[in-house]
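All values derive from a computational prediction rather than experimental measurement.
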Number of protein chains: 2
Amino acid sequence: MTVGTIRPGGRTARVRAAVLGAAADALVEHGFAHLDLADVASRAEVGRTTVYRRWGTAAGLVADLLTDMAEQSSPRVETGSLLEDLRANARLVQRTLADPRQGPLFRAVIVAATCDPRAAEALHRFYAVRIAEWAPCVEQAVQRAELPVGIDAEEVIRAVSAPLYYRLLISGDSVDTDAADRAAEAAVAAAKAGAYTADSDPA
Amino acid sequence: MTVGTIRPGGRTARVRAAVLGAAADALVEHGFAHLDLADVASRAEVGRTTVYRRWGTAAGLVADLLTDMAEQSSPRVETGSLLEDLRANARLVQRTLADPRQGPLFRAVIVAATCDPRAAEALHRFYAVRIAEWAPCVEQAVQRAELPVGIDAEEVIRAVSAPLYYRLLISGDSVDTDAADRAAEAAVAAAKAGAYTADSDPA
DNA sequence: GTCATAACGGTTCTCCAGTTCCATTAAGCA
DNA sequence: TGCTTAATGGAACTGGAGAACCGTTATGAC
């Protein structure tokens, strides 16, 4: 029976799924600042002790939730044009941030990342995955000669999202489809002008 | 002696200044999540009761701090070119966010804004002030015919900052001068292409 | 099926953030 | 200068988050 056997099957996995789901619900309702582990435990119909032992703190729980979220990838669309592809990406981000459930959830995990190194690491990994998933549409645009060679594909993807997150977190302006479309158009214009190439001096 | 006289002079003002300064110090060190009002009080050499009574919660204290910060405006530079102006703006934001004191402070107040409506209101007002201060350099570029008429000047300013805040809060990439320069260049390119005009359809 | 133990869960205890209460200080006005 | 009371400050009180303890469940190996 070997001492020290890990038992991830059955109950353990079920508890994890229940707790992560409950944590997401609680984050949507109360935000990270008012996340109560006892509340999460009762939502998940699980003992308080279990939550404290396995995840320790609210930040640790969010870090695990982010790891879980990173594994569920959403499919990328593929139209024939860079602007269309990036607009699809921008609108996906816009829908997510404006969604009554996903929006508060993302705000909560972003807040958690600023409070805890593990949560920060998990958040950065989450976005690294998402950005890498969409970078190919920029590389395809390079192959179609829509964009100059040597462009930083991932930076273009980040440029599409940045204005939307800025609205969500900084300026407080609404994250609507107009903003999404403008973000995509701006990124395309800047990319074509060579703003995201390594030896950038297009002025 | 008129019942209900407000007494903002002398001691009250001194207490406010001391507490706001101490709050900023505490935010820099521990972040908003671990902001302890008792700690703020002892730093300010002020009674705990006073802090709880006047500001109530950590979020309320941050909201007042932001109101105070909004009143201290930093002067805007003015070169002759749009790219130079926006680069100066981007580098100012970059220096602020990368600063060992200002960076953590801004992260903390942004976090506070996601947790409390009053803090959010104060943060949005703070940025509205800063953006309005810099918008004229875009309008001057329009007058110099560097940019098309009908452009949203404030949106251009926001576009300069957005990638830097995205790095700070989302991707975790370093907020360095390269990023600042690229942000300015991208904003100029997008603006010249008409991405920030009202009837945007430049594709 | 049987056993050892990893993992869960209820109860109790502890500690501290936040509140309440009242005494003390000093701002503002005559 | 003296009076009223706004505002501060110390001390005791309270509620709930999180830790500690130990009994219970059920997983995984044989």
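- Remark: Tyr52(B) engages no residue in a ring-ring contact (aromatic ring centres under 6.0 Å, His included) (not counting sequence neighbours).
- In this structure the side chain of Val111(A) never reaches within 4.5 angstrom of the side chain of Ile110(B), judged on heavy atoms.
- Counting all heavy atoms, side chain and backbone alike, Val160(B) lies closest to Ala183(B) at O-CB, 3.4 Å.
- With a 4.5 Å cut-off on side-chain heavy atoms, Val19(A) and Thr50(A) do not count as touching.
- Fit an axis to the five pairs at each end of the helix from dG1(C)-dC30(D) to dA30(C)-dT1(D) and the two axes sit 50° apart, to the nearest 10 degrees.
- Rounded to a whole Å, the CG atom of Leu37(B) is 9 Å from the C1' atom of dG18(C).
- Here the side chains of Leu86(A) and Val156(A) are in contact, with some heavy-atom distance below 4.5 Å.
- Qualifying side chain to side chain contact (heavy atoms under 4.5 Å, CB included) partners for Val142(B), counting only residues two or more places apart in sequence or in other chains: Leu147(B), Val149(B), Ile151(B).
- Glu78(A) meets the salt bridge (charged side-chain N to carboxylate O under 4.0 Å, His left out) test with Arg76(A); sequence neighbours excluded.
- Heavy-atom distances under 4.0 Å link DNA chain C to no residue of residues 40-47 of chain B.
- Among pairs with a residue in residues 161-175 of chain A, those fulfilling salt bridge (Lys or Arg N to Asp or Glu O under 4.0 Å) read Arg167(A)-Glu155(B), Asp173(A)-Arg158(B), at least two apart in sequence or across chains.
- Within the structure, ring-ring contact (aromatic ring centres under 6.0 Å, His included) contacts touching residues 149-179 of chain A (residues at least two apart or in different chains) are Tyr127(A)-Tyr165(A), Tyr165(A)-Tyr166(B), Tyr166(A)-Tyr165(B).
- Evaluation of the side chain to side chain contact (heavy atoms under 4.5 Å, CB included) rule for Arg43(A) yields Ala22(A), Asp25(A), Ala26(A), Glu29(A), His30(A), Asp39(A) as partners, not counting sequence neighbours.
- Both Val15(B) and Ala38(A) lie close to DNA chain D; mapped to their nearest nucleotides by heavy-atom distance, the more 5′-ward contact belongs to Val15(B).
- Atom-to-atom, NE2 of His34(B) to P of dG18(D) comes out at 11 Å; the value is rounded to the nearest Å.
- Between Leu164(B) and Leu168(B), every side-chain heavy-atom pair lies at or beyond the 4.5 Å cut-off.
- Remark: Phe32(B) engages no residue in a ring-ring contact (aromatic ring centres under 6.0 Å, His included) (not counting sequence neighbours).
- A salt bridge (Lys or Arg N to Asp or Glu O under 4.0 Å) check over residues 53-64 of chain A, counting only residues at least two apart or in different chains, returns the pairs Arg16(A)-Asp64(A).
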With sugar-phosphate taken as primed atoms, P, OP1 and OP2 and all else as base, the protein-contact string of nucleotides 11-16 of chain C at under 4.0 Å (heavy atoms; B, S, -) is B-----
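- Of the residues in residues 50-66 of chain A, those placing a heavy atom less than 4.0 Å from an atom of DNA chain C are Thr50(A), Arg53(A), Arg54(A), in numerical order.
- Rounded to a whole Å, the CG atom of Asp39(B) is 12 Å from the P atom of dG18(C).
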